[in-house]
Amino acid sequence: MDAGGGSLSSSSSTLKTRSRFPLHRKSSRENLDRFIPNRSAMDFDYAHYMLTEGRKCKESPISLSPAREAYKKLLAETFNMNRGRILAFKNKPPAPVEKFPCEFASAPVERAEKPKRHIPQSSERTLDAPELVDNFYLNLLDWGCSNVLAIALGNTVFLWDATEGSTSELVTIDEESGPVTSVSWAPDGRHIAIGLNNSEVQLWDSASNKQLRTLKGGHRALVGSLAWNNHILTTGGMDGRIINNDVRIRSHIVGTYKGHEQEVCGLKWSGSGQQLASGGNDNLVHIWDSSTASTNSVTRWLHRLSNHTSAVKALAWCPFQSNLLATGGGGSDRTIKFWNTHNGACLNTIDTGSQVCALLWNKNERELLSSHGFTQNQLTLWKYASMVKMAELTGHTSRVLYMAQSPDGCTVASAAGDETLRFWNVFGVPEAAKPAAKANPEPFSGHLTHIR
């Protein structure tokens, strides 16, 4: 016990002399910014003289002759009496010791600033599109992976080959069945679906200009929206019904989605093919899960989104975030909304000031393009997620109802009620082409014998 007490006393006295920060490693170069006079460099006799006699001389100066003044100045310089300071300090702290030898130190890496992309304010090409139906609820423009653009003008579907710049006619529908109300390329870029005013859907081979089959019995009114998911063609009609059609088999109806009370004017499958987004004239957006689709009963929605106050036609799945969906509202809504489709939460709302007709994501940058109606009939490029306007492209004189994106993601085609088709180099050239994920290139391959 006594030994322990003695040890504690010794320890206490020792602690008094230790630093306040025992875990802090002390260095001989620390506290170099403290102004402590260097006594070895000080002349105390001169300092005392300057504080006493020297101050008296300055307060009552004696007039001297020029020769005596020069002698005094020389004498002061000889005996180093021209010093202005009394206290002496070190001139500068010692140079810091390098942590690593110079030969091992890496040169600082300078990050090159990304040059700002030039966004042309005018269209690079304009084509006439006579008899283009000015109808907000239809989808009359699509750009296939074979770089061929399909556009429906009245009862006729035309194909414009972007590689060659040539135009050809695919089909003209008779008056009883027409006009054409929707067009959509299959994933293979060769086959195309054509929705008609008489509730039917035709499938065509663009290479041979031959009709493969007609899908009947699914709808009771015009088919205004189409969306492919490999070999499944999903159709949306004025009757509010959404139908999955397997184009490989005779009995093509393999699923039905019921949730809209009015016309379905927008359909988009997600990139993974797991979720389907639908927009309608009832101001609703539905998210459907493909895994719950049933051939025997009507499939119920995963999420029912009712935040819009006008018809929702514009739908766009984000290419870099699989569960992010952008939607655009019609004339009395004018907003772009962003949704988390996993939980149905609305992430953001942007008031655009005008009817939102179509939406497209940039495949290479975090940007979103929207097309609008009255009053400017413009295309607006937004930076995501700040939603700062990057550019506004004008040229159309009527609402820009339809947009389609080239396979490389750089060029956007827009069609408007002014009966013109314009091409915009709005998304620019990608920095490096990324290899595309392999999809089923031939939804019809191996099953042509089943088509009647």
Side-chain angles (χ1 to χ4, degrees), residues 136-137 139 224-230 232 234-237 239-244 254-295 297-352 355-363 366-371 382-387:
F136 176 81
Y137 302 100
N139 293 273
S225 52
L226 305 167
W228 287 91
N229 188 7
N230 290 325
I232 298 296
T234 306
T235 60
D239 55 8
R241 301 183 74 190
I242 301 172
I243 297 174
N244 280 346
V254 295
T256 302
Y257 304 98
K258 190 68 173 70
H260 291 282
E261 300 298 330
Q262 297 185 39
E263 180 173 3
V264 178
C265 48
L267 280 178
K268 283 289 188 305
W269 280 100
S270 64
S272 64
Q274 296 300 311
Q275 291 186 329
L276 173 69
S278 64
N281 193 35
D282 51 8
N283 310 341
L284 295 176
V285 176
H286 287 98
I287 307 299
W288 314 86
D289 191 334
S290 63
S291 63
T292 62
S294 173
T295 58
S297 61
V298 175
T299 303
R300 183 173 175 80
W301 62 79
L302 178 65
H303 300 296
R304 184 171 188 152
L305 313 175
S306 58
N307 298 41
H308 283 288
T309 58
S310 188
V312 183
K313 174 194 172 186
L315 304 168
W317 288 95
C318 179
F320 53 82
Q321 188 172 334
S322 60
N323 64 323
L324 177 61
L325 175 71
T327 62
S332 61
D333 182 272
R334 306 181 303 275
T335 66
I336 298 175
K337 297 182 185 297
F338 298 92
W339 309 88
N340 181 339
T341 60
H342 284 175
N343 56 23
C346 184
L347 304 176
N348 195 9
T349 298
I350 301 298
D351 188 349
T352 67
Q355 179 186 52
V356 182
C357 302
L359 292 170
L360 287 175
W361 286 95
N362 187 341
K363 297 178 181 179
R366 294 184 176 236
E367 299 168 356
L368 179 70
L369 183 68
S370 57
S371 70
W382 309 83
K383 184 68 176 178
Y384 185 82
S386 64
M387 293 307 287

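These figures come from a predicted structure and were not determined experimentally.
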Straight-line distance of [X] [atom1] to [Y] [atom2], nearest 0.5 Å:
X      : Y      : atom1 : atom2 : answer
Asn343 : His303 : CG    : NE2   : 6.5 Å
Leu276 : Lys268 : CG    : NZ    : 10.5 Å
Arg304 : His260 : CZ    : NE2   : 8.0 Å
Thr235 : Arg241 : OG1   : CZ    : 9.0 Å
Ile232 : Ile243 : CD1   : CD1   : 12.5 Å

Query - CA sep, side-chain torsions, deciding dist, call: Thr335, Asp351, side-chain hydrogen bond (donor to acceptor under 3.5 Å, both in side chains) - result: CA-CA 4 Å; Thr335 66; Asp351 188 349; over 6 Å; no
Between [X] and [Y], is there a donor-acceptor pair closer than 3.5 Å when you use the side chain of the first and the backbone of the second?
X      : Y      : result
Ser225 : Cys265 : no
Asn362 : Leu368 : no
Asn340 : His342 : yes
Asn281 : Gln262 : no
Lys313 : Phe136 : yes
Asn229 : Gly273 : yes

Work out which heavy atom in [X] is nearest to a heavy atom in [Y]; give both atom names and the distance.
X      : Y      : value
Gln274 : Ser270 : N-OG, 3.4 Å
Phe320 : Arg366 : CE1-NH1, 3.3 Å
Ala277 : Leu315 : O-CD1, 3.6 Å
His308 : Asp333 : ND1-OD1, 3.1 Å
Tyr137 : Ala311 : CE2-CB, 4.0 Å
Lys363 : Pro319 : CA-CG, 4.4 Å

Requested in this report: Could you check Leu284, Val356, Thr327 and say which one makes a side chain to side chain contact (heavy atoms under 4.5 Å, CB included) with Val312?
Outcome: Thr327
Query raised in the report: Quick one: which of Leu267, Thr299, Thr256 gives a side chain to side chain contact (heavy atoms under 4.5 Å, CB included) with Ile242?
Result: Leu267
What class does the angle between the rings of [X] and [Y] fall in, given that below 30° is parallel, 30 to 60° is tilted and above 60° is perpendicular?
X      : Y      : answer
Trp301 : Trp288 : perpendicular
Tyr384 : Trp361 : perpendicular
Tyr257 : Trp269 : perpendicular

Is the shortest heavy-atom distance from the side chain of [X] to the side chain of [Y] under 4.5 Å?
X      : Y      : result
Ile287 : Trp339 : no
Asn139 : Leu226 : no
Leu347 : Leu324 : yes

**Report entry** side chain to side chain contact (heavy atoms under 4.5 Å, CB included) evaluation trace for Asn307 with Thr349
**Finding:** CA-CA 10 Å; Asn307 298 41; Thr349 298; 6.0 Å; no
Requested in this report: Check the side chains of Asn244 and Thr234 for a donor-acceptor pair under 3.5 angstrom, ignoring hydrogens and angles.
Outcome: yes
